[in-house]
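The structure appears right after this line, and notes come after that.
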Amino acid sequence: MTALAGHDRVDYRVTMGRVVRSEWTKLRSVRSTWVMLAAAALLTVGLAAAFGYGYGQQIHSGEVHPSTAEAASAAFLGLDLFALVVGVFGVMRMTGEYGSGLIGASLLAVPRRLPVLWAKALALAAVIAPVALAVSVASFLISQVFAGSHGAGLGDPGVPRAILGAAAYPVAMGLLGLGIGAILRHTAAAITVFAAALLVIPALLPAALSQQAQDAVMKYLPVVAGQAMFDLGEAGPVRLLAPGAAAVVLAGYVIVLLAGGAALLQRRDA
Amino acid sequence: MIEIQDLTKRYGRTVAVDGLSFTVRPGHVTGFLGPNGAGKSTTMRTIVGLDHPTTGTATVAGRRYRDHAAPLREVGALLEARAFQKARSARNHLLALAQTHGIPEVRVDAVLAMVGLEEVGHRRAGGYSLGMAQRLGVAAALLGDPAVVVLDEPVNGLDPDGVLWVRTLLKTLATQGRTVLVSSHLMSEMAVTADRLVIIGRGRLLAEASIGELTARAGVGRVLVRSPQATDLRELLVGRGATVTSAEPGVLQVDGLGAGTIADLAVGRGLAVHELTPQHASLEQAYMELTRDAVQYQDQQRVMSS
């Protein structure tokens with residue numbers, strides 16, 4: 001067996017940067033990463049075109065008054081789909097390792113464990129963020145094209161912030177998925193919990209709450225807070241947080257779930 | 001060097017490892033033997049920090065595995081046959097592991113070549129046969145050129161070529177001065193690969209010895225006696241407290257008396273003896289003897305839980 005050349009002189013310590021590189025390799029070296037991101041992006045932008053067209057029709061028929069808020073709402077409606085796909089992708093970053101047994105090899109290489117989770121979060125955010133930004137910009141532009149003469153412009157008040165908010169929302173959902181995956185470890189369980197907590201509960205909760213309670217509670221749900229980040233006001237039926245506050249709430253969910261995942265990753269047998 | 005001290009691991013009410021202590025030294029292949037469920041895998045997983053000990057310690061080169069700055073340089077481990085994701089190529093799998101330590105890509109290609117996977121390294125690892133998967137696991141274990149190698153049942157499911165390959169590899173690694181710990185539930189396998197043995201049952205240490213010491217210790221002193229007057233001889237020996245069985249006329253298997261004593265007794269009575277052969281217990285018998293209780297206990301547990 002040949003030796004690892006010159007290993008006495010080279011520093012082979014595990015560092016955060018090295019673990020991030022490793023996680024990036026894991027992410028990029030599986031074709032499904034790119035297939036999934038491309039498919040979700042195209043579908044989302046396609047939806048934005050359809051919603052933009054529908055918005056244009058509604059204005060023509062006088063159902064809706066043209067406004068930047070309505071135009072933005074139509075543009076970003078499809079982001080929920082993108083966020084769902086990205087969230088499931090985030091779940092799989094962790095549960096895929098447990099399902100395959102790769103987690104054993106990963107934790108042999110990084111027995112301090114936590115850097116693996118942080119590096120996964122960084123690599124995940126790094127791959128989702130640019131795609132999400134592109135999807136967000138493209139969704140807005142194509143939606144306005146299909147809306148016709150009443151579409152909003154990139155320079156309209158609040159629009160740049162809404163575009164950034166719409167790009168940040170899927171990143172947060174991906175990280176929430178990662179946290180849930182780290183906590184539950186099983187793919188089916190984690191995806192079920194992710195979908196139930198983020199999509200089903202927000203849809204069902206209003207039926208159980210008075211209007212007053214809805215106004216007090218709904219805005220703190222992760223999906224609703226996410227939507228608040230790209231909302232330009234006066235559009236939806238639900239009372240929303242201010243965009244900055246919504247971002248803080250969403251970041252809070254991400255931190256709590258990742259911290260929970262980290263604590264369990266550290267404590268449990270792998 | 002691996003040092004296990006008073007290691008205990010409980011899962012709920014089940015005790016997998018029970019106050020286990022032993023040391024694995026460099027330069028030898030140390031066989032880690034025990035019936036299925038004896039606690040071998042748990043012990044190995046504890047050495048590399050995948051399982052946390054309930055009490056006690058497992059250290060490598062004087063430190064817990066997780067406290068080493070470059071752990072893959074200390075220990076290379078093969079614990080599961082398939083510790084990789086199917087969709088990724090073998091080369092990318094190894095590359096991702098290498099990058100955690102800044103191990104260069106040339107090393108990835110070197111270990112792929114070492115295990116004979118250089119031609120298929122770019123293919124999806126999910127399409128690998130068990131033998132190829134096992135080789136990939138070995139490649140991952142050798143990635144960091146580690147001082148200690150820990151392999152859990154590495155020949156399981158391998159074809160004869162693969163088994164021979166693993167044996168040669170283990171011996172080579174030990175010759176290079178590495179510490180090699182390899183588990184198996186088959187003494188026959190260990191007899192041809194290992195220099196030293198650590199035998200456990202029900203999570204407890206049963207023996208820690210060289211192959212030679214073990215056979216000597218288990219030399220229970222059965223003697224094969226061939227005599228034309230076997231019936232008379234039998235009576236004589238039983239009268240002296242021996243246990244005698246006979247598989248064919250004129251041949252006795254004598255337990256409890258040495259060959260010398262048997263010869264003296266026969267001469268004293270004027271009985272002819274044509275053959276007198278002390279039977280050395282095989283390693284396999286010695287192992288069965290040692291682990292009998294543990295195996296019976298496992299069987300009872302199985303019956304009770306089914």
Side-chain angles (χ1 to χ4, degrees), chain A residues 1-8 10-36 92-116 119-120 123 187 265-270, chain B residues 9 11 42 45-46 48-52 64-73 75-77 79-89 91-104 106-107 110-111 113-114 124-126 137 140-146 169 172-173 176 178:
Chain A
M1 176 172 158
T2 55
L4 184 44
H7 60 248
D8 292 334
V10 184
D11 177 11
Y12 288 119
R13 261 181 294 189
V14 176
T15 63
M16 191 62 213
R18 284 171 169 172
V19 182
V20 172
R21 245 189 115 201
S22 162
E23 288 301 329
W24 177 253
T25 297
K26 284 186 192 169
L27 201 59
R28 69 156 178 79
S29 63
V30 177
R31 199 194 305 149
S32 63
T33 298
W34 306 110
V35 173
M36 183 272 325
M92 297 288 297
R93 301 318 320 143
M94 210 64 207
T95 60
E97 290 221 4
Y98 283 100
S100 64
L102 174 60
I103 190 72
S106 299
L107 297 185
L108 279 176
V110 188
R112 290 187 177 276
R113 299 189 176 189
L114 294 192
V116 174
K120 277 187 191 301
T187 301
L265 177 65
Q266 189 73 279
R267 222 187 57 203
R268 287 191 292 218
D269 290 334
Chain B
K9 177 66 182 177
Y11 298 103
T42 303
R45 291 172 61 81
T46 308
V48 291
L50 290 181
D51 284 3
H52 304 302
R64 285 189 307 169
Y65 180 69
R66 60 163 289 158
D67 292 336
H68 285 282
L72 290 185
R73 300 275 305 118
V75 182
L79 299 178
E80 276 166 81
R82 293 180 187 271
F84 51 78
Q85 280 175 324
K86 290 179 182 163
R88 193 172 291 116
S89 74
R91 194 177 181 282
N92 279 327
H93 169 69
L94 294 175
L95 180 62
L97 297 177
Q99 283 171 334
T100 58
H101 285 57
I103 295 170
V106 289
R107 176 65 185 174
V111 292
M114 223 179 282
R124 287 175 77 250
L142 298 181
L143 201 54
D145 191 17
L169 176 77
T172 311
L173 291 170
Q176 290 164 342
R178 295 174 213 266

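So that the names make sense, note that chain A is the first sequence line, chain B the second, and so on, each numbered from 1. Keep in mind that this is a model prediction, so the values were computed, not measured.
Judged by distance alone, with hydrogens and angles left aside, the side-chain atoms of B:Arg45 form a donor-acceptor pair with the main-chain N or O of A:Ala270 at under 3.5 Å.
For A:Glu23, no part sits under 4.5 Å from any heavy atom of chain B, backbone or side chain. Residue contact with chain A, scored on non-hydrogen atoms closer than 4.5 Å, is absent for B:Ala140. Contact annotation for A:Arg267: only backbone heavy atoms (N, CA, C, O) come within less than 4.5 Å of a heavy atom of chain B. Both the backbone and the side chain of B:Gln85 come within contact range of chain A, each with at least one heavy atom under 4.5 Å from a heavy atom of that chain. Proximity to chain B (any heavy atom under 4.5 Å) is shown, for A:Ser32, by neither the backbone nor the side chain. Interface residue A:Val110: only side-chain heavy atoms are found under 4.5 Å from chain B.
Nearest approach of B:Ala69 to A:Arg13, heavy atoms of both residues: CB-CG, 3.2 Å. Considering all non-hydrogen atoms of both residues, B:Ala87 and A:Val30 come closest at CB-CG1, 3.8 Å. Nearest heavy atoms, B:Leu97 versus A:Ala105: CD2-O, 3.7 Å. Residue B:Tyr11 comes nearest to A:Asp269 through the heavy atom pair CE2-OD2, 3.7 Å, listed as atom of the first residue, atom of the second, then distance. Taking all atoms of both residues into account, the shortest heavy-atom contact from B:Gln99 to A:Arg18 is O-CB, 3.1 Å. Among all heavy-atom pairs drawn from A:Lys26 and B:Ala96, the shortest one is CG-CB, 3.8 Å.
Residues passing the side-chain contact (heavy atoms from CB on, under 4.5 Å) test with B:Ala70, sequence neighbours excluded: A:Tyr12, B:Arg73, B:His101.
Contact count versus chain A (heavy atoms, under 4.5 Å) is highest, among B:Pro71, B:Ala141, B:Gly126, for B:Pro71. Counting heavy-atom pairs closer than 4.5 Å to chain A, the top residue among B:His52, B:His68, B:Arg124 is B:His52. Highest contact tally toward chain B, considering only A:Gly101, A:Pro115, A:Ala119, is held by A:Gly101 [criterion: heavy-atom pairs under 4.5 Å]. Listed options A:Arg21, A:Arg112, A:Arg268, A:Met16 were ranked by heavy-atom pairs under 4.5 angstrom with chain B; first place goes to A:Arg112.
Side-chain contact, A:Ser29 with B:Arg88: a donor N or O sits under 3.5 Å from an acceptor N or O.
Here the side chains of A:Leu107 and B:Leu50 are in contact, with some heavy-atom distance below 4.5 Å. Between B:His93 and A:Leu102, some side-chain heavy-atom pair lies under the 4.5 Å cut-off.
Separating the OG atom in A:Ser100 from the NZ atom in B:Lys86 is a distance of 9.0 Å, to the nearest 0.5 Å.
By the neighbour-count criterion of 12 heavy atoms within 6.0 Å, atom CZ of B:Arg66 is densely surrounded, having more than that number from other residues, nucleotides or ligands.
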